[in-house]
Amino acid sequence: MARPRISPELQTVQRTYRFNQKLFDDFEYDCARNLANPKHVLEALILHWLESKPAVRSVIAEKHHKRFGVTPTED
């Protein structure tokens with residue numbers, strides 16, 4: 001039996017992000033101290049971002065730019 005086609009809006013995209021070792025070690029330490037599973041932390045951050053108003057997202061993005069600067073893919 002043929003599989004039904006998935007509409008383009010429902011297809012998923014997988015992305016890969018790289019972190020330097022110190023940042024990732026700090027993240028894992030915080031996760032171990034506060035939650036047993038780092039995936040829960042990431043899920044909470046993603047849900048916070050998605051549920052935030054555009055003004056809050058703008059503030060988060062501005063803090064990111066101040067801390068890390070503009071990455072080559074953002075220009």
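We're numbering straight along the sequence, starting at 1. The shown structure was predicted, so the numbers you read here are calculated from the model rather than taken from an experiment.
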Distance-only donor-acceptor pairs under 3.5 Å for side chains of residues 44-55, two or more places apart:
| residue | atom | partner | partner atom | Å |
| --- | --- | --- | --- | --- |
| S52 | OG | H48 | O | 2.4 |

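- Using a 4.5 Å cut-off between side-chain heavy atoms of Ile, Leu, Val, Met, Phe, Trp and Tyr, Y29 forms no hydrophobic cluster with any other residue.
- For residues 24-34, the salt bridge (charged side-chain N to carboxylate O under 4.0 Å, His left out) pairs, not counting sequence neighbours, are K22-D26, D30-R33.
- Taking 4.0 Å as the cut-off between side-chain N and carboxylate O, E43 and K39 do not count as a salt-bridged pair.
- Of the options H65, K66, H64, a side chain to side chain contact (heavy atoms under 4.5 Å, CB included) to E62 is made by K66 and by none of the others.
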